[in-house]
Structures are given as structure tokens and as C-alpha cells.
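See below for the structure under consideration.
Read the numbers this way: they start at 1 and go in the same order the structure lists the ligands and their atoms.
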Amino acid sequence: MDIISRFKEKTIGVIMGGWSSEREISLISGRAIARALRGVGLKVKEIDFTPEVVSQIPELGIDVAFIILHGRPGEDGTVQGLFELYGIPYTGSGVEASAIGMDKIMTKRLFRYYRIPTPDYIYDPFHPVEKIAPGVASRLGFPIVIKPRSEGSSVGIEIVHDLDELVEKGRGLKEKFGDIFFEEYIKGMIATVGVLDEKALPILEINPKKEPFYDYKAKYTEGETEYIVPARITAKKTKKIQETALKAHRAIGCYGFSRVDLIFGDDGRPYFLEVNTLPGMTEGSNLPLEARAVGIDYQGVCLSMLSTALRWFS
Ligand SMILES: Nc1ncnc2c1ncn2[C@@H]1O[C@H](COP(=O)(O)OP(=O)(O)O)[C@@H](O)[C@H]1O
Ligand SMILES: [Mg+2]
């Protein structure tokens with residue numbers, strides 16, 4: 001394959017781990033990517049990205065960085081900026097798209113600007129939760145979803161059912177995560193659309209079996225969630241959702257690959273939630289599952305992602 005020959009002489013550093021709440025998933029993703037790249041004969045170094053490594057980047061002896069960090073730092077543009085300053089080509093989205101993708105408020109603002117449907121929400125950093133809670137409740141109606149502005153893996157997401165709970169959980173989350181917002185609850189099918197090589201993959205339908213929503217446990221416990229690909233959505237709606245997912249990817253300014261999360265509402269309409277610039281890459285993760293459904297195996301996904309680093313080669 002052409003991509004393999006382009007990277008034959010290079011040492012690829014798989015940048016994994018980090019120190020966000022998603023460290024463990026990142027390590028599993030990173031090891032799987034390293035294995036796949038070695039499997040096609042490429043030279044790979046696994047880099048556990050710890051705070052100490054930050055100052056050692058020039059001594060790592062890598063020619064290309066395959067970044068597979070989730071959460072902050074890493075998915076938010078900071079690490080991308082680091083490699084940019086050192087002049088080391090890296091995979092995936094650049095600094096700006098990464099920063100926007102990590103920020104659910106900026107993402108939703110762009111969704112609105114580009115008419116990409118997203119659940120109604122209230123973001124008010126200026127007033128205490130107890131003050132705005134009644135207004136939030138009357139506009140969004142219960143249940144209400146409370147989310148941190150910049151987390152991943154469903155960390156910090158709470159679904160509340162009455163005003164007392166709204167105030168209590170809202171205050172707690174604000175204390176813990178700093179910046180939060182309130183979102184209209186959408187009843188429907190949880191789904192996600194990967195983008196690979198600037199093309200939308202099939203939609204993946206996600207059915208958590210026990211958990212009330214697709215929370216951390218449902219995401220990472222074997223057997224907790226049923227995945228169906230392609231999702232049980234009509235061909236016409238599927239096409240429209242894929243087009244909109246690609247539009248979301250572009251609205252954020254992503255490069256090459258991403259994964260766009262949505263809920264296909266019981267009202268027959270899609271509601272886009274967020275764009276993940278560094279989607280999970282364990283062999284059983286959502287994006288590889290979607291790729292497999294169109295005949296792209298795990299190795300193929302890794303090579304496609306690796307090829308995005310070519311944009312930094314002159
Ligand atoms: N507005 C909503 N209505 C209903 N469920 C939601 C809503 N927003 C999020 N969820 C649930 O939380 C999960 C994670 O939400 P998401 O916005 O993708 O954040 P994360 O960055 O943590 O993945 C979704 O897959 C869904 O199960
Ligand atoms: Mg998500």
C-alpha cells in the first residue's frame with residue numbers, strides 16, 4: 001500500500017495515556033494502534049504521555065506523532081500545538097478544531113450557525129445554579145441533562161428529574177467541573193457516525209442494556225451495550241444523517257477523521273450532540289466497528305488515520 005511506503009523510513013510515535021479521566025482507554029487504543037502499525041512493518045514507539053514527557057519531545061526520536069489521547073490534554077489542541085512548535089508532523093485535526101471539538105458550547109454554537117440540529121440548551125456562566133434553575137426547568141422541561149462543558153466518555157453527565165435534583169446536581173457539577181450547561185433531554189436512539197478519510201461511515205446504533213443512558217459503564221464494560229451497524233434507520237434518513245455528520249465534522253474544522261455523536265429522536269429527527277476529534281480506537285470501539293461494516297479492517301483504519309500526518313510533510 002502507498003501509505004505504508006510513505007512512512008517506511010519514519011519512526012512513528014504513538015502518543016497515548018495522558019492524564020485525563022480517559023487515560024486507561026487511551027492506553028488500550030494506543031497499544032492496539034501500535035500493534036496494527038507494526039503488523040504492516042512500520043517502525044513504532046509507544047509513548048506514554050506523562051507530564052515528564054512534555055519536555056522530552058525532541059529526544060523521543062520520533063518523526064511522526066500518532067496522537068491518540070482522549071480528553072484534556074491531548075484532544076483539546078494543546079498537544080497538537082506542542083508537536084507543531086517542534087515541527088513534528090502529527091495525525092488528525094489541528095489545534096483549533098481540536099480545541100473547538102473539546103468544547104461542547106463552542107460546538108453547539110457552530111452547529112446552530114450552520115443549521116445542524118442540536119438539542120436546545122442553556123449556558124449561563126454568570127448566575128448561580130439556584131437562581132437560573134426555575135427558568136431552565138420551564139424552558140427545557142424535565143428530564144434535563146446537565147453536562148460539563150469540556151469532558152468526554154460521559155464523565156460528569158447527569159440526567160435530573162425535578163427542580164431539587166437540578167439545583168443539587170447542578171451545583172455539584174459546577175463545583176467539580178467549573179463550566180457546565182443544561183440540555184434538553186432527547187428520547188430516542190443513541191447513535192454515532194464516524195468520519196474517515198473525509199467520508200461518513202455507516203451509522204452505529206447504540207443500545208445500553210441496563211444503564212439509563214450511554215454512560216461510562218455502558219461504554220466500557222463488556223456486554224453492557226448492544227451495537228447495531230448499520231443502525232435501523234431508513235435509507236433516506238441515513239443518507240441525510242451521514243451528510244449532516246460530515247457537515248458537523250467540517251463545521252468544527254476537523255481534518256481526516258472524527259466521530260459525530262447524535263440521538264435519533266423518537267420524533268424522527270436527528271439531534272447532534274458533539275464531534276470527537278480523537279475517537280476511541282480499541283479494536284471494539286465505535287469507529288472501527290463502523291469501518292468494518294464497509295470492509296475496512298482495523299489496520300485499514302489505522303493507516304487511514306496515519307495518512308492524515310502527510311499534510312505536514314512538504
Ligand atoms: N440531550 C440528551 N438527551 C438524552 N441523552 C443524552 C443527551 N446528551 C447526552 N446524552 C447521553 O449521554 C451520552 C454522552 O453524551 P455526549 O454529549 O456524547 O458526551 P460525551 O462527550 O461524554 O460522550 C450520550 O450518548 C447519551 O446517551
Ligand atoms: Mg459522546
Side-chain angles (χ1 to χ4, degrees), residues 20-22 25-26 69-72 74-76 98-112 116-123 136 139-161 166 169 173 176-177 179-195 203-221 224-228 231 241 245 248-249 252 254 258-267 269-281 285-287 289-290:
S20 78
S21 53
E22 296 169 277
I25 309 305
S26 164
L69 299 163
H70 307 309
R72 287 184 296 177
E75 199 169 344
D76 60 350
S98 302
I100 296 170
M102 193 74 238
D103 181 338
K104 289 191 171 73
I105 296 297
M106 290 310 289
T107 298
K108 285 172 78 75
R109 286 177 181 153
L110 283 169
F111 281 180
R112 284 206 163 158
I116 294 163
T118 189
D120 191 15
Y121 71 105
I122 293 173
Y123 172 65
V136 168
R139 182 161 123 203
L140 302 179
F142 290 105
I144 289 169
V145 186
I146 315 179
K147 293 184 185 178
R149 179 171 179 170
S150 308
E151 281 293 324
S153 284
S154 300
V155 171
I157 295 185
E158 293 274 1
I159 298 173
V160 297
H161 298 86
L166 177 66
K169 294 269 165 60
L173 289 174
K176 186 156 179 212
F177 295 99
D179 229 359
I180 59 162
F181 65 104
F182 304 92
E183 194 171 69
E184 168 195 12
Y185 179 87
I186 307 294
K187 197 169 170 338
M189 176 201 291
I190 302 164
T192 183
V193 185
V195 172
I203 306 173
L204 180 74
E205 173 181 344
I206 297 168
N207 297 315
K209 289 186 199 155
K210 287 188 256 148
E211 301 302 310
F213 71 106
Y214 193 36
D215 63 6
Y216 191 88
K217 188 159 168 243
K219 280 181 180 173
Y220 301 121
T221 315
E224 281 276 330
T225 299
E226 175 190 34
Y227 297 97
I228 300 168
I241 291 170
H249 166 93
I252 304 305
C254 297
S258 70
R259 205 197 70 230
V260 183
D261 291 347
L262 69 136
I263 297 176
F264 183 59
D266 288 347
D267 60 4
R269 290 206 286 247
Y271 294 84
F272 287 83
L273 298 176
E274 59 154 350
V275 179
N276 299 287
T277 52
L278 286 175
M281 273 295 288
S285 287
N286 298 346
L287 190 146
L289 285 180
E290 296 168 12

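- A 4.5 Å side-chain heavy-atom check between Arg269 and Ile186 finds every atom pair outside the cut-off.
- Ligand 1 lies under 4.0 Å from heavy atoms of Lys104, Pro119, Val145, Lys147, Glu151, Gly152, Ser153, Ser154, Ile157, Glu183, Glu184, Tyr185, Ile186, Ile190, Phe213, Tyr214, Lys219, Asp261, Ile263, Leu273, Glu274.
- A salt bridge is absent between Glu290 and Arg259: the closest approach of a Lys/Arg side-chain nitrogen to an acidic carboxylate oxygen does not fall below 4.0 angstrom.
- Each of Val193, Asn286, Leu287, Ile190 was scored for a side chain to side chain contact (heavy atoms under 4.5 Å, CB included) with Leu204, with one residue passing: Asn286.
- Separation of atoms CD (Glu151) and CE (Met102) is listed at 6.5 Å; rounding is to 0.5 Å.
- The Mg ion (ligand 2) has Asp261 OD2, Glu274 OE2 as protein N, O or S atoms under 2.8 Å away.
- In this structure, OG1 on Thr192 lies 5.5 Å from CD1 on Ile206, to the nearest 0.5 angstrom.
- Salt-bridge formation is not detected for the pair Glu226/Lys209: no Lys NZ or Arg NE/NH1/NH2 atom is positioned less than 4.0 Å from an Asp or Glu carboxylate oxygen.
- In terms of modelled atom types and a separation under 3.5 Å, the side chain of Ser154 and the main chain of Tyr214 share a donor-acceptor contact.
- Using a 4.0 Å cut-off between charged side-chain N and carboxylate O, Asp120 and Arg112 make a salt bridge.
- For the atom pair CG of Leu273 and CD1 of Ile157, the computed distance is 8.0 Å after rounding to the nearest 0.5 Å.
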